[in-house]
Amino acid sequence: MTGTLTIAGLGPGDEALITPEVSAALVGATDIVGYAPYVARVRPRDGLTLHASDNRVELQRAGEALRLASEGRNVVVVSSGDPGVFAMASAVFEALEQAPQRHDLPIRVLPGVTAMLAAAASAGAPLGHDFCAINLSDNLKPWPVIERRLRLAAEADFAIAMYNPRSASRSEGFARALELFRDAGYGERLMVFARAVSTPDQRIETIAVREARPEMADMRTLVILCNSATRRVGRWVYAPRQAR
Ligand code: SAH
């Protein structure tokens with residue numbers, strides 16, 4: 001008997017931001033696989049096995065999900081936000097590449113509300129014009145690549161959504177990113193720090209790049225460097241639709 005493998009995004013935190021499609025997949029699941037804090041967001045019930053793992057074992061976790069599905073289980077791999085944005089969907093397909101015998105498994109990827117969209121919505125409309133997303137973690141790519149992308153994206157006047165800006169073990173990178181923006185002359189651009197969006201700990205702060213300090217970001221923060229046309233209106237910020 002063949003099971004199913006569903007790769008689902010749980011959104012940024014608030015249950016109201018989990019899509020009905022993802023909720024239905026969770027109801028039909030026999031097994032939940034994922035990083036422990038995300039698995040903890042799924043309510044336990046009879047008949048549901050929770051497989052929580054450490055953050056660093058993505059490929060192993062994906063392989064386990066494929067194996068369980070091939071044994072007839074209905075497996076849901078959970079990520080926060082959207083599963084295709086710096087999350088488990090890529091890891092599952094990488095594991096699938098290494099397991100040709102599993103290529104016929106029924107696999108679905110269910111989108112979720114990614115952090116940058118929830119963050120932008122709570123600040124106004126800073127992603128209303130062209131933008132990009134860059135992961136500041138150098139766990140899986142060298143720092144010079146990150147720095148080059150930040151420099152070129154800022155030069156092209158994209159708004160830049162920065163995921164994983166700063167952790168206890170990676171406190172340097174974000175400080176260097178701020179320095180890079182200042183040195184390139186973007187000190188007056190607005191920067192949004194959106195922490196724990198859609199949770200009781202939510203905090204949204206908008207300041208100029210020149211005033212930003214590295215400690216303002218942590219692993220629960222999504223940082224947006226706004227484009228040069230972005231301005232404040234009351235407590236909101238927005239990027240006008242028309243380019244200059
Ligand atoms: N797949 C996720 C991103 C995983 S990377 C998504 O689509 O949102 C983890 C990073 O996402 C965090 O370091 C932080 O930068 C951001 N993030 C996730 N949830 C967040 C939230 N509720 N508020 C602010 N940032 C969040």
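As the structure lists them, so they are numbered: ligands from 1, and atoms in each ligand from 1. Given the structure is predicted, the values throughout are model-derived calculations rather than measurements.
- Minimum interatomic distance between Val113 and Pro12 (heavy atoms only, all atoms of both residues): O-CD, 3.4 Å.
- Using the six-membered ring where Trp is involved, Phe86 and Tyr163 have ring planes that are perpendicular, over 60° apart on the 30 and 60° scheme.
- The stretch residues 213-222 participates, sequence neighbours left out, in these side chain to side chain donor-acceptor pair (under 3.5 Å) pairs: Arg195-Asp218, Asp201-Arg220, Arg213-Glu215, Asp218-Thr221.
- As a member of the Ile/Leu/Val/Met/Phe/Trp/Tyr network built from side-chain separations under 4.5 Å, Ile7 groups with Leu5, Val33, Leu66, Leu68, Val75, Val77, Met88, Val92, Phe93, Leu96, Leu105, Ile107, Val109.
- Under the side chain to side chain contact (heavy atoms under 4.5 Å, CB included) criterion, Val233 pairs with Trp236, Tyr238, not counting sequence neighbours.
- Protein neighbours of ligand 1 below 4.0 Å, counting non-hydrogen atoms: Pro12, Ser80, Gly81, Asp82, Val85, Phe86, Ala87, Thr114, Ala115, Tyr163, Asn164, Pro165, Ala194, Ala196, Val197, Met219, Arg220, Thr221, Leu222.
- Smallest separation of non-hydrogen atoms from Leu222 and Met162: CD2-O, 3.4 Å.
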